[in-house]
Novice: 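The structure under discussion is supplied below as structure tokens; questions concerning it will follow.
In what follows, every chain begins at residue 1, and chains take the letters A, B, ... in the order their sequences are listed.
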Protein chains: 2
Amino acid sequence: MTRNAPIRRRSDCPLSIGLEIFGDKWTLLILRDLMLKKLQTFKQFQDSGESIATNVLSDRLERLQKQGIVTAARSSVDARVVTYHPTAKGLDLLPVLVEIVLWSARHEKTAAPPKLIEKMTRDKEGFIQELRGRFSVS
Amino acid sequence: MTRNAPIRRRSDCPLSIGLEIFGDKWTLLILRDLMLKKLQTFKQFQDSGESIATNVLSDRLERLQKQGIVTAARSSVDARVVTYHPTAKGLDLLPVLVEIVLWSARHEKTAAPPKLIEKMTRDKEGFIQELRGRFSVS
DNA sequence: CAGGATCCGTTTCGATACTG
DNA sequence: CAGTATCGAAACGGATCCTG
């Protein structure tokens, strides 16, 4: 137990990147669905384009909660439904998501919704602020 | 076998994100090392903090080349050494990397090099342009 | 010695079936 | 609708080998 420090200082400057989040395909897709597509429920994530397995979805949502990036709450309208929302920490991921989407739109030949891309490009900050407002963190 | 019928639900709004790149932990680390830490060789990547297995490193570098994000060339100085460089497509990833680093610096409790972070924050565009210049794509 | 390929035991992931 | 259990498939790490 007194096994001491791992000393992973092989190199100079860490420049850490949040691998828990960005290193995982599904996590990234969930965040996009949550913040850019404004999806909220388990089912909506499940049906959103790429088919994610339920256990994986469950697992990733749990991790995101543990990391304080999303919160879950039962819908006041329908008690069966759980709705997920981004926290402030989660909303801070918007710039990353926007840059990723912009890069993908430019370099991958996927059908991208041009209106949205154009808006992101023209007024990145405004676009992000608008989304932030929409989620009105308590 | 006959595992087809992927049910590709041509969903409403794709908003694609480059999963080949962003969904993978190691790829992301290599890109950071390449563009932000300015590492160039197989060995440097290998020794850079996180210990990546050689087979994995090899695999990711190959993928990145296939995607036109990095190029490989033998060093003119030492013929044994292969140096890797970002392409224009790769350099376009800089904004994403910067946003990821900034988010991580703010929300994860890792030792971040404050000078660099400060500069990124204060003059994001300038920082990116400076790096672009450093790689001088032919 | 640098870059990378290959083999292999182990861990992790994820597609289904199933349940509260 | 939201989430677990099962179990095969894939990825990983680590050692080793190969080629200039």
Novice: May I ask you to check whether over 12 heavy atoms, not counting those of K89(A), lie within 6.0 Å of atom NZ?
Specialist: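 Count over threshold, so yes.
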
Novice: Round to the nearest Å and state the distance from Q40(B) atom CD to dG3(C) atom C1'.
Specialist: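 So the two atoms are 15 Å apart, to the nearest Å.
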
Novice: Whole Å only: how far is the CG atom of D24(A) from the P atom of dC12(D)?
Specialist: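 After rounding, the gap between these two atoms is 12 Å.
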
Novice: Taking G68(B)'s backbone N and O only, do any of them form a donor-acceptor pair with T87(B)'s side chain (distance below 3.5 Å, no angle check)?
Specialist: yes

Novice: For R134(B), give me all partners under side chain to side chain contact (heavy atoms under 4.5 Å, CB included), at least two apart in sequence or on another chain.
Specialist: K38(B), E130(B), L131(B)

Novice: Take atom CZ in R80(A); do more than 12 heavy atoms of anything else shown fall under 6.0 Å from it?
Specialist: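 Incorrect, the count does not exceed 12.
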
Novice: Rounded to the nearest angstrom, tell me the gap between atom CZ in R74(B) and atom P in dG20(D).
Specialist: 10 Å

Novice: Would you kindly give the CD-to-C1' distance between Q46(B) and dA15(D), to the nearest whole Å?
Specialist: 13 Å

Novice: Expressed as a whole number of angstroms, how long is the span from L57(A):CG to dT16(C):C1'?
Specialist: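 Spelled out: CG on L57(A) to C1' on dT16(C) is 15 Å.
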
Novice: Rounded to the nearest Å, what distance is computed from the CD1 atom of residue I30(B) to the C1' atom of nucleotide dC12(D)?
Specialist: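 Rounding to the nearest Å, CD1 of I30(B) and C1' of dC12(D) are 14 Å apart.
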
Novice: With no hydrogens and no angle check, is any side-chain donor or acceptor of T121(B) less than 3.5 Å from a backbone partner on I117(B)?
Specialist: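 Between the backbone of I117(B) and the side chain of T121(B) there is a qualifying donor-acceptor contact (under 3.5 Å).
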
Novice: On DNA chain D, nearest-nucleotide positions of R60(B) versus V56(A): which is more 5'?
Specialist: V56(A)

Novice: Report, as a single string ordered 5' to 3', how protein heavy atoms within less than 4.0 Å touch nucleotides 4-9 of chain C: B base, S sugar-phosphate only, - not at all.
Specialist: BBBB--

Novice: Atom CD1 of I52(A) to atom C1' of dT16(C): distance rounded to whole Å?
Specialist: 15 Å

Novice: Distance check needed: dC1(D) P versus F45(A) CZ, whole Å only.
Specialist: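 Rounding to the nearest Å, CZ of F45(A) and P of dC1(D) are 15 Å apart.
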
Novice: Do the side chain of R32(A) and the main chain of L15(B) share a donor and acceptor less than 3.5 angstrom apart?
Specialist: yes

